[in-house]
Amino acid sequence: MGMIIYTLPLLYWLLYDERKMLLYFPQLILGLKYPVLLIAILGVIQFYVSPGIFGFINLSGPVDPYVLKATSDVFPNWMIYLRATSILSSPQVFGLFMVLYAVSFFLYSKKTP
């Protein structure tokens with residue numbers, strides 16, 4: 001399952017049709033700026049305020065073990081070990097998602113008039 005989660009962004013970039021990418025992908029990237037901003041804000045809230053994002057994260061599903069420990073113990077004790085996952089259940093997926101989106105956004109935002 002972890003292998004699938006980690007390779008999906010790479011497969012998406014490699015398998016996407018180049019003709020469709022030129023037409024629809026820039027519009028998609030620029031149109032998703034507010035939902036991605038919300039995901040980033042939830043990551044910041046999770047890291048600094050509430051590891052379970054006020055009950056928004058399902059802790060019985062696949063969750064990073066540090067998030068589970070931070071929600072079960074006194075949060076300030078575990079805050080230095082916590083890695084933000086936002087709603088993406090893995091810090092690596094969260095980081096990769098944010099970096100790929102940021103690069104795409106800055107590339108395509110310069111091309112639009």
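- By the criterion of side-chain heavy atoms lying less than 4.5 angstrom apart, applied directly or through intervening Ile, Leu, Val, Met, Phe, Trp or Tyr residues, L30 is grouped together with F106 in one hydrophobic cluster.
- For the atom pair I57 CD1 and L68 CG, the distance stands at 9.5 Å (nearest 0.5 Å).
- When V67, L96, T85 are each tested for a side chain to side chain contact (heavy atoms under 4.5 Å, CB included) with P91, only one passes: T85.
- With sequence neighbours excluded, the residues that form a side chain to side chain contact (heavy atoms under 4.5 Å, CB included) with L32 are L28, P35, V36, Y101.
- Closest approach of L82 to P51, counting heavy atoms only: CD2-CB, 4.1 Å.
- Listed by first and then second residue, the ring pair (Phe, Tyr, Trp, His ring centres under 6.0 Å) pairs that reach into residues 35-79 are W78-Y81, sequence neighbours excluded.
- Between the side chain of Q46 and the backbone N or O of S86 there is at least one donor-acceptor pair closer than 3.5 Å.
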